[in-house]
*Asks:* 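One structure coming up, written as structure tokens, with questions to follow.
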Amino acid sequence: MGVTSAAIAEFATRMGDNCLILGHRDSEWCGHSPALEEDIALANTALDHVGQAQLWLGLACEIEGRGKTADTLAFLRDASGYRNLLLVEQPNGDFGRTIMRQFLFDAWHLPMLKALINSSDKRIAEIAEKASKEVAYHLERSTDLVVRLGDGTRESQARMQTALDFLWPYTGEMFLGDALDDELEAAGIAPAPASLRPAWDQHVGRTLAEATLKAPDKSYAQKGGKRGVHSEHLGFILAEMQFLQRAYPGAKW
Amino acid sequence: MTSEWPLWEVFIRGQHGLNHRHVGSLHAPDAKMAIHNARDVYTRRNEGVSIWVVRSSDVVASAPSEKGPLFDPANSKVYRHPTFFDVPDEVGHM
Amino acid sequence: MYAQMVKTDAAKVKSLDEMEPQERAFQERIDAGQKIEPKEWMPEAYRKTLIRQISQHAHSEIVGQLPEGNWITRAPTLERKAILLAKVQDEAGHGLYLYCAAETLGISRDEMYGQLHSGKAKYSSIFNYPTLTWADIGAIGWLVDGAAIMNQVPLQRCSYGPYARAMVRICKEESFHQRQGFDILTVLCNGTPEQKAMAQDALNRWWWPSLMMFGPSDDASVHSAQSMAWNIKQDSNDALRQKFVDQTVPQAKFLGLTIPDPDLKWNEEKGGHDFGEPDWTEFFEVIAGNGPCNRERLEARRKAWDDGAWFRDALTAYAEKHAARETPAAAA
């Protein structure tokens, strides 16, 4: 396997893990949301993310060529093998925090996918093309809700501000590049993470202003997810998610 | 507080250029969210559809005579269709 | 059934000759297979009974999300996760369609929630049983959705238009639900001995509660007779139960599972199976709130509602603010 194809597999794993873990978190709401309409809408988002995870992780396995499947990756890796951003594994909190987390992620996810549509790797471009349609709607919806909840009641504004303050330290990681990112950028496969920042800043800034919310002036960026150093939360997610595969090794489901 | 979100009637035109058809109702705080909710509830994300929403209280009716609801499952979610699952003949109808 | 033992306020079913002209015309339309639509004249008892039945059905859908929702985060493959999530989401959708149908009868969704949360309104007894293993997700799809379909298919032709239309949409979706359950069990029964045992254990626990879903025998019930006269119920509880057993026995055989009823046997003479009597004492206890999970289910629904109040209120406040801002002329 050439250096670049290993890098592509790693990149696909990062993308897939973001989708898988966020989809998992979103799915925790199913049956417990504030209104039936929201329950259905958030389940749609979760379903999209699970579907995207299948595509990205499937691509990672295909490149690796060792007969693994997306399920092998999802259900048989320990936390240190996961490559998702810390943002997506943060606990749901109240519905406002869940929406805020979705918004901060969507605002990064869409420009990332749009850049990937032009990837020199056709397989990546294809997944990005499909996912970007879904994610454009995610962003439309989460943006709308952040504005409404921020500019709703005093209580909702306070809750959304608290959510924003809580999640903000996890947003910096989205724009931090490493050697792998450099390699991918040089090969025209994926954009440099930092290049996505202006679009994110602009969209998030405009939305928060409309929502009468204020981003923290500065904060230290929590990081590590991309290289497998996670928060404590991921281990619990996996303990739950992987339970059956771990308890009944080798069984088919 | 707690005043209920108003009720909206949802009309959808599918990809084949037929008229908008009434498919059901839902609750939403305003028209924009009613459109969003209609998309999530009644199209399960089918692309290329056109949605109308009308506040139920704004509907002027002569006499009740709605047509039957359309059913538009999303094409990409194959498992939503019963034929996605093989049922052996000896099992009988399911 | 998702609506069990619905009361009708009837002391006896009136004959056409005993009815006032308006009610008689109404009954004749039903007898002719016509649909009653919102805002048309209807007997008050018909309206009230339908509200009870449809809201009970709707409550069952959203409470029914909970036992299966337990396993969304533990589904064993990504595909199973997506399928289960889509299914539980459908149930939210079914609840939504049904609440909307009930709303056409002059009750708000919030009022119906209030009745559920206070314990005044009932939901199907079946959802007060726990989902302990992955095989339970298979058993619910196969047995519980299978039982529900028996009742819901004829309801597509019921006399109340909005209810019938909601049922059309729901039945189309339910068919995938039952099949996904059977598919889960097929895989388990062809899997390891432990998986097969898991499937058998699930059948052992869900079989009798599934038979109870149809409710006690109602051949002598005036409420059932009245509901049938109104065409909002088409078959007796016993008839549906018989049909369910006859349909399910060969399916269990195909899976290689044993139905936990020593009295179960084919009766050539009646062309159907004989089977044992469910424990109706248990059924009435579950209905009265003493099932294994009644408290957890209601608590989860109340919590979702209470925790979501700020969210619903905020969206209302935003919409009102912006409606006022955007139409200054209208205000003047």
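In what follows, chains carry the letters A, B, and so on, assigned in the order in which the sequence lines appear, proteins first and then strands, with residues in each chain numbered from 1.
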*Asks:* Distance-only, no hydrogens or angles: does the Gln245(A) side chain make a donor-acceptor pair with backbone N or O of Pro76(C) under 3.5 Å?
*Replies:*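 Yes, because the side chain of Gln245(A) sits within donor-acceptor range (under 3.5 Å) of the backbone of Pro76(C).
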
*Asks:* So His24(A) and Ile72(C), do their side chains get closer than 4.5 Å, heavy atoms only?
*Replies:* no

*Asks:* So does Leu78(C) get a backbone contact from the side chain of Asp71(A), meaning a donor-acceptor N/O pair under 3.5 Å?
*Replies:*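 Confirmed, Asp71(A) side chain pairs with Leu78(C) backbone.
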
*Asks:* What are the two closest heavy atoms between Trp253(A) and Arg80(C), and how far apart are they?
*Replies:*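 Looking at all heavy atoms of both residues, the closest pair is O-NE, 2.8 Å.
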
*Asks:* Students often mix this up, so state it plainly: with edges at 30° and 60°, are the rings of Phe243(A) and Trp71(C) parallel, tilted or perpendicular?
*Replies:* tilted

*Asks:* More than 12 heavy atoms of other residues, nucleotides or ligands under 6.0 Å from CD of Gln202(A): is that the case?
*Replies:* no

*Asks:* To the nearest 0.5 Å, tell me how far Ile237(A) CD1 sits from Thr73(C) OG1.
*Replies:*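 Those atoms lie 10.0 Å apart.
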
*Asks:* Between Leu96(C) and chain A, with a heavy-atom cut-off of 4.5 Å, which part of the residue counts as in contact: side chain, backbone, both or neither?
*Replies:*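 Contact with chain A is through both the backbone and side chain of Leu96(C).
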
*Asks:* So which heavy atom on Leu149(A) is nearest to which on Ala314(C), and how close?
*Replies:* CD2-CB, 3.8 Å

*Asks:* Within this structure, what is the CG-CH2 distance for the pair Asp94(A) and Trp310(C), rounded to the nearest 0.5 Å?
*Replies:* 5.0 Å

*Asks:* Please state whether the side chain, the backbone, both or neither of Leu20(A) comes within less than 4.5 Å of a heavy atom of chain C.
*Replies:*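 The side chain, not the backbone.
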
*Asks:* Okay, side chain of Lys81(C), backbone of Ser27(A): is any donor-acceptor separation there less than 3.5 Å?
*Replies:*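 Such a contact is absent between Lys81(C) side chain and Ser27(A) backbone.
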
*Asks:* If you count heavy-atom pairs under 4.5 Å with chain A, which of Thr192(C), Val187(C), Thr77(C) comes out on top?
*Replies:* Thr77(C)

*Asks:* Taking all non-hydrogen atoms of both residues, which atom of Cys30(A) and which atom of Gln65(C) are closest, and how far apart?
*Replies:*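 Where Cys30(A) meets Gln65(C) most closely, the heavy atoms are SG-NE2, 4.0 Å.
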
*Asks:* Which heavy atom of Leu36(A) sits nearest to which heavy atom of Gly95(C), and what is that distance?
*Replies:*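 Minimum heavy-atom contact is CD1-C, 4.1 Å.
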
*Asks:* Quick check on Ile62(C) against chain A: is it the side chain, the backbone, both or neither that has a heavy atom closer than 4.5 Å?
*Replies:* side chain

*Asks:* In Å, rounded to the nearest 0.5 Å, how long is the span from CZ of Arg74(C) to CD of Gln242(A)?
*Replies:* 14.0 Å

*Asks:* Are the side chains of Thr153(A) and Tyr318(C) in touch, meaning some heavy atoms are under 4.5 Å apart?
*Replies:*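 Contact flag for Thr153(A)/Tyr318(C) side chains = no.
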
*Asks:* Kindly state each residue pair satisfying ring-ring contact (aromatic ring centres under 6.0 Å, His included) with at least one member in residues 53-85 of chain A, sequence neighbours excluded.
*Replies:*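 Non-adjacent pairs meeting ring-ring contact (aromatic ring centres under 6.0 Å, His included): zero.
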
*Asks:* Less than 4.5 Å apart, side chain to side chain, heavy atoms only: is that true for His322(C) and Asp151(A)?
*Replies:*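 A side-chain contact exists here, since the closest heavy-atom pair is under 4.5 Å.
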
*Asks:* Please report the C-alpha distance between Glu155(A) and Asp313(C) in whole Å, then the side-chain angles of each, then the deciding distance to 0.1 Å, and finally whether the side chain to side chain contact (heavy atoms under 4.5 Å, CB included) criterion is met.
*Replies:* CA-CA 10 Å; Glu155(A) 181 183 0; Asp313(C) 288 349; over 6 Å; no

*Asks:* Minimum heavy-atom separation for Gly308(C) and Pro34(A), please, with both atom names.
*Replies:* CA-CB, 3.5 Å

*Asks:* Output the option from Leu66(C), Asp306(C), Leu315(C) having the highest count of non-hydrogen pairs under 4.5 Å with chain A.
*Replies:*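 Of the candidates given, the most pairs with chain A belong to Leu315(C).
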
*Asks:* With a 3.5 Å distance limit and no angle check, can you tell me whether Arg148(A) reaches the backbone of Thr316(C) through a side-chain donor-acceptor pair?
*Replies:*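 No; zero donor-acceptor contacts below 3.5 Å.
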
*Asks:* Quick check on Arg246(A): does its CZ atom have over 12 non-hydrogen neighbours (other residues, nucleotides or ligands) under 6.0 Å away?
*Replies:* yes

*Asks:* Mind ranking Ala43(A), Gly51(A), Gly96(A), Gly250(A) by heavy-atom pairs under 4.5 Å with chain C and telling me who comes out on top?
*Replies:* Ala43(A)

*Asks:* Heavy-atom cut-off 4.5 Å, strictly under: side chain, backbone, both or neither for Ala70(A) against chain C?
*Replies:* both

*Asks:* Can you tell me if Gln195(C) uses its side chain to pair, donor with acceptor, with the backbone of Lys252(A) under 3.5 Å?
*Replies:* yes

*Asks:* What pair of heavy atoms forms the shortest contact from His32(A) to Ala300(C), and how long is it?
*Replies:*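 So the minimum-distance heavy-atom pair works out to CE1-CB, 4.3 Å.
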
*Asks:* Checking Arg25(A) against chain C: side chain, backbone, both or neither under 4.5 Å from a heavy atom?
*Replies:* neither

*Asks:* Please look at Gln157(A) and chain C and tell me whether the side chain, the backbone, both or neither of the residue comes under 4.5 angstrom of a heavy atom of that chain.
*Replies:*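 Gln157(A) has no heavy atom closer than 4.5 Å to chain C.
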
